[in-house]
Amino acid sequence: MLLVIGITGSIATGKSTVSKMIKELGFTVVDADVAARVVVEPGEEAYQKIVEHFGEEILLANGEIDRKKLGDLVFQNEKKRLLLNSIVHPAVRKKMNEEKELAFRRGEKVVFLDIPLLYESNLTYMVDKVLVVYVDQPTQLERLMNRNHLTKEEALARITSQLSIEQKRERADAVIDNRGTIEQTKTQLLSILKDWKIL
């Protein structure tokens, strides 16, 4: 039986760390953020639509999209954020499905999809199980401020634009508490994969 496992969390909960561990165990991880970068490269369909809707002032000198400029534009405007999502999300889903199918054709039995907005975008239909990487909100806030050099207000705005980590935790098939050491995180991951008979 083929199995698709979604990995999610919230901003700054350490999802990338867990994805990296899964890759090191030899599994394919299809990353939504990587797919999102690919589909907005010049020449891609989503790129053309974004430039049409948001104008050429969001472009860098080399023609690529200035992600920071576009991000600042949509973080403060719900309508623009939804418009951007309506362009990027379908393109990302298509790209991820292609990569997942490739892995299955190579004979792999389990594929992980790393999707930060799995719940927000109602993408649970794409996966059989969900693994949530968790830290509490104070830890999340502190990590995000340090990592992205944001003020408390900026960090909170990014956190609250997503479903709360507590709600994600409740809906998960399994949870990794990522407030401890790397070793503790890995121990939890291995235990879950063994429970699911993947290892």
Closest non-hydrogen atoms of Lys69 and Ile58, given as atom of the first, atom of the second and distance, are CD-CA, 4.0 Å

Side-chain (Asp128) to main-chain (Leu3) donor-acceptor, under 3.5 angstrom: no

How close do Gly63 and Pro42 get, heavy atom to heavy atom, and via which atoms? O-CG, 3.9 Å

Of all heavy-atom pairs between Val175 and Ala172, which one has the smallest distance, and what is that distance? CG2-CB, 3.9 Å

The test is salt bridge (Lys or Arg N to Asp or Glu O under 4.0 Å); show your working for Glu183 and Lys186 and say whether it passes. CA-CA 5 Å; Glu183 287 71 27; Lys186 187 155 192 182; over 6 Å; no

With a 3.5 Å distance limit and no angle check, can you tell me whether Gln162 reaches the backbone of Ile159 through a side-chain donor-acceptor pair? no

Shortest non-hydrogen pair, Leu73 vs Asn77, comes out as O-CB, 3.7 Å

Is atom CD of Glu98 surrounded by more than 12 heavy atoms (other residues, nucleotides or ligands) closer than 6.0 Å? yes

CD/Gln76 to OG/Ser161 distance, rounded to the nearest 0.5 angstrom? 11.5 Å

In Å and rounded to the nearest 0.5 Å, what is the CE to CZ distance from Met96 to Arg93? 10.5 Å

Can the positive tip of Arg158 be found less than 6.0 Å from the middle of the six-membered ring of Phe75, inside 45° of the ring normal? yes

For Ile198 and Ile5, run side-chain contact (heavy atoms from CB on, under 4.5 Å): C-alpha distance rounded to whole Å, both residues' side-chain angles, the deciding distance at 0.1 Å, then the answer. CA-CA 11 Å; Ile198 293 168; Ile5 297 171; 3.2 Å; yes

Does any part of the side chain of Leu199, heavy atoms only, come nearer than 4.5 Å to the side chain of Leu190, both counted from C-beta? yes

Would you say the side chain of Glu78 lies within less than 4.5 Å of the side chain of Arg81, judging by non-hydrogen atoms? yes

Any link between Val130 and Met126 through a network of hydrophobic side chains (Ile, Leu, Val, Met, Phe, Trp, Tyr) touching at under 4.5 Å? yes

Take Thr13 and Ile165 through the test side-chain contact (heavy atoms from CB on, under 4.5 Å) and record every step on the way to the result. CA-CA 9 Å; Thr13 58; Ile165 188 65; 4.0 Å; yes

Pair listing, side-chain hydrogen bond (donor to acceptor under 3.5 Å, both in side chains) test, anchored in residues 187-199, at least two apart: none

Other residues, nucleotides and ligands only: do more than 12 of their heavy atoms fall within 6.0 Å of CG on Leu2? yes

Side-chain heavy atoms of Ile50 within contact of Val88, under 4.5 Å: yes

Using distance only, find each side-chain donor-acceptor pair of residues 109-119 under 3.5 Å and give its atom names and separation, not counting sequence neighbours.
residue, atom, partner, partner atom, Å
Asp114, OD1, Lys15, NZ, 2.8
Asp114, OD2, Ser19, OG, 2.6
Tyr119, OH, Arg171, O, 3.3

Determine, step by step, whether Leu84 and Leu70 satisfy the side-chain contact (heavy atoms from CB on, under 4.5 Å) criterion, reporting the C-alpha distance in whole Å, the side-chain angles of both residues, the deciding distance to 0.1 Å, and the verdict. CA-CA 9 Å; Leu84 180 65; Leu70 186 58; 3.9 Å; yes

Minimum heavy-atom separation for Ala35 and Lys95, please, with both atom names. CB-CG, 3.8 Å

How long is the span from the CD atom in Glu120 to the CG atom in Asn85, to the nearest 0.5 Å? 10.0 Å

So, taking the atom named CG in Leu189 and the one named CD in Gln184, what distance separates them when rounded to the nearest 0.5 Å? 14.0 Å

Ser16 side, atom OG; Met21 side, atom CE - distance, nearest 0.5 Å: 11.5 Å

I want to check something: taking the side chain as every heavy atom from C-beta on, are Leu156 and Gln137 in contact at a cut-off of under 4.5 Å? yes

Verdict with reasoning, Leu144 to Leu150, per side-chain contact (heavy atoms from CB on, under 4.5 Å): CA-CA 7 Å; Leu144 185 57; Leu150 301 173; 3.9 Å; yes

Would you check if the side chain of Glu154 reaches a backbone N or O of Thr151 as a donor-acceptor pair within less than 3.5 Å? yes

Between the side chains of Lys49 and Glu52, is the shortest nitrogen-to-carboxylate-oxygen separation below 4.0 Å, so that they form an ion pair? no

Answer yes or no: is there a side-chain heavy-atom contact under 4.5 Å between Arg147 and Ile11? yes

Do Ile176 and Leu131 come within less than 4.5 Å of each other through their side chains, counting heavy atoms only? yes

Using a distance-only test with no angle check, is there a side-chain donor-acceptor pair under 3.5 angstrom linking Asn178 and Thr185? yes

Taking all non-hydrogen atoms of both residues into account, name the closest pair between Glu44 and Val39 and its distance. CB-O, 3.1 Å

Is it true that atom CD of Glu56 has more than 12 heavy atoms of other residues, nucleotides or ligands lying nearer than 6.0 Å? no

Modelled atom types, side-chain donor and acceptor of Glu108 and Thr28, under 3.5 Å: yes

Give the intermediate values and the outcome of salt bridge (Lys or Arg N to Asp or Glu O under 4.0 Å) for residues Arg37 and Asp33. CA-CA 6 Å; Arg37 279 196 288 277; Asp33 284 343; 5.7 Å; no

Show your working on side-chain hydrogen bond (donor to acceptor under 3.5 Å, both in side chains) between Thr139 and Glu142 and close with a plain yes or no. CA-CA 5 Å; Thr139 307; Glu142 188 186 326; 6.0 Å; no

Quick one: pull up OG in Ser86 and NE2 in His53 and give me the separation to the nearest 0.5 Å. 7.0 Å

Can you find a pair of side-chain heavy atoms, one from Asp66 and one from Leu59, that are under 4.5 Å apart? no

Hydrophobic cluster membership, with links at side-chain heavy-atom distances under 4.5 Å among I/L/V/M/F/W/Y: are Phe54 and Val92 in one? yes

Going only through I, L, V, M, F, W and Y residues with side-chain contacts under 4.5 Å, is there a path from Val133 to Val34? no

Do Tyr125 and Ile7 share a hydrophobic cluster, counting only Ile, Leu, Val, Met, Phe, Trp and Tyr and linking them when any side-chain heavy atoms are less than 4.5 Å apart? no

Donor + acceptor pair across side chains of Glu64, Tyr47 (<3.5 Å): no

Quiz question: by atom type and distance under 3.5 Å, do the side chains of Lys168 and Ser10 form a donor-acceptor pair? yes

